[in-house]
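To start, the structure under review is shown below, and the notes come after it.
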Amino acid sequence: MGLEMDVVAIYSIIVVFNANRKLLENTVSSLKSQGSKVVLVINDDQKYGEIEADKIIYAGENLGIAGAQNKGIELAIKEKAKYVAIFDQDSVVPNNYVSSMLEGLKRADKVFGNVGMIGPRIYDTNMNMFVEPRVYSFKGGDKIVMSMPREELKQEINNKFIRLAAKPIASGAFIPTTTFKRVGMMDDKLFIDLVDTDFDIRILQDGLNIVQANKVTLHHEIGSRKQVKIGKYTIWPTNHSSKRRYTIVRNTIWLWKKYHSSVQGMTRETLRTLISTFIYIQFEKESFSKSKAYFKGLVDGVKGNGK
């Protein structure tokens, strides 16, 4: 009985922008069959009335990922949803998603307590490998320490039903609506990139935990990665557009300014992102225009400018 009541109170939010309609239909169908209501937030100028979502919100303009997610989350809270799940339009949702997220939350509350969000394991379909989230701890009661787990620990923590995960991506995130009431909504100033990172850090700063359900796998395409060999090294440029290169760089600096004093390792993470992004650009098409966008992002990030 309790599980049925929980399932009814779940709203899945999918932000849509020039979507593959067949894939979107499959995602909506899968979520509805698992007992979730589905809300589409449309950021483009197309019509999606043939897709059997419970609610379709036409934004009228491109609000970015954060602004569109907020539209769906606000609706879910207004209709007294207990949980909100967030998906990208190209994510492939497993059949056990809802039941496993609910089970994972129950276990996580017993093991860790104060769970603000749970997510699945992410399998990058471009790289054909799992995305390894960072682990975290608290230093001195308030400073967050984030790091990649040592190689010898990865298998151990990923064999558990649940594990701590510092910065999971938004797609597949399963969030009690009480979390939004505590830490706030998505920051629409960021528009698209690192919106999830900012939200994750705010959850941890509020004293809540973030966990990963290792038995649930969400297949997801992160960028349009293509393998490049440089001598004995291999890199995976994401081939994001010039606009995305701009927001990645700008938002990376914005978040460093916002969190570097309270998150240990933030400076290292920021430098790694800036350096890897610049390297990626050199092996992508339209590298000149992307390089211009990169340096504009640097300037606007430092000055606090940009829309």
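Here, residue 1 is the first one in the sequence, and each next residue gets the next number. Just so it is clear, the structure is predicted and the values come from calculations on it, not from any experiment.
No donor-acceptor distance shorter than 3.5 angstrom exists from the side chain of S29 to the backbone of E25, with no hydrogens or angles considered. Listed for the K257 side chain is a donor-acceptor partner under 3.5 Å among the backbone atoms of G301. Remark: the backbone N or O of N239 is paired with a side-chain donor or acceptor of E284 at under 3.5 angstrom. When atom types are taken as modelled, the side chain of R225 and the backbone of W236 share a donor-acceptor pair closer than 3.5 angstrom. In terms of modelled atom types and a separation under 3.5 Å, the side chain of T179 and the main chain of G116 share a donor-acceptor contact. No donor-acceptor distance shorter than 3.5 angstrom exists from the side chain of N43 to the backbone of V16, with no hydrogens or angles considered. In this structure a side-chain-to-backbone donor-acceptor pair under 3.5 Å is present from Q34 to V98. Using a distance-only test at 3.5 Å, with no hydrogens or angles considered, a donor-acceptor pair links the side chain of Y97 to the main chain of G172.
Sparse packing is recorded around CG of N95, with 12 or fewer heavy atoms of other residues, nucleotides or ligands lying under 6.0 Å away.
For the pair F283/K226, no side-chain contact is recorded, criterion being any heavy-atom separation below 4.5 Å from C-beta on. At least one side-chain heavy atom of Y259 sits under 4.5 Å from a side-chain heavy atom of R202. Residues Q89 and F87 fail the side-chain proximity criterion, which asks for heavy atoms closer than 4.5 Å. Residues H220 and V131 fail the side-chain proximity criterion, which asks for heavy atoms closer than 4.5 Å. A heavy-atom distance below 4.5 Å is not found between the side chains of M148 and V135. Taking the side chain as every heavy atom from C-beta outward, I235 and Q282 never approach each other to under 4.5 Å.
One finds no salt bridge joining E103 and K106 here, because no Lys/Arg side-chain nitrogen approaches an Asp/Glu carboxylate oxygen to under 4.0 Å.
Linking Ile, Leu, Val, Met, Phe, Trp and Tyr whenever their side-chain heavy atoms come within less than 4.5 Å leaves V145 and L208 in two separate clusters. Cluster annotation: I192 is not connected to I253 through the hydrophobic network of ILVMFWY side chains, with a link wherever side-chain heavy atoms come within less than 4.5 Å. In the hydrophobic cluster analysis, where Ile, Leu, Val, Met, Phe, Trp and Tyr join through side-chain heavy atoms closer than 4.5 angstrom, L274 is grouped apart from L190. If you chain together hydrophobic residues whose side chains sit under 4.5 Å apart, F112 and V183 fall into the same group.
Y294 does not carry R245 over the face of its six-membered ring by the limits of under 6.0 Å from the centre and within 45° of the normal.
Relative orientation of the F138 and Y136 rings is perpendicular, given thresholds of 30° and 60° on the angle between their planes.
Shown are K82, K55, E79, K80; of these, the side-chain hydrogen bond (donor to acceptor under 3.5 Å, both in side chains) with Y11 is made only by E79.
The distance between the ring centers of F180 and F199 falls below 6.0 angstrom.
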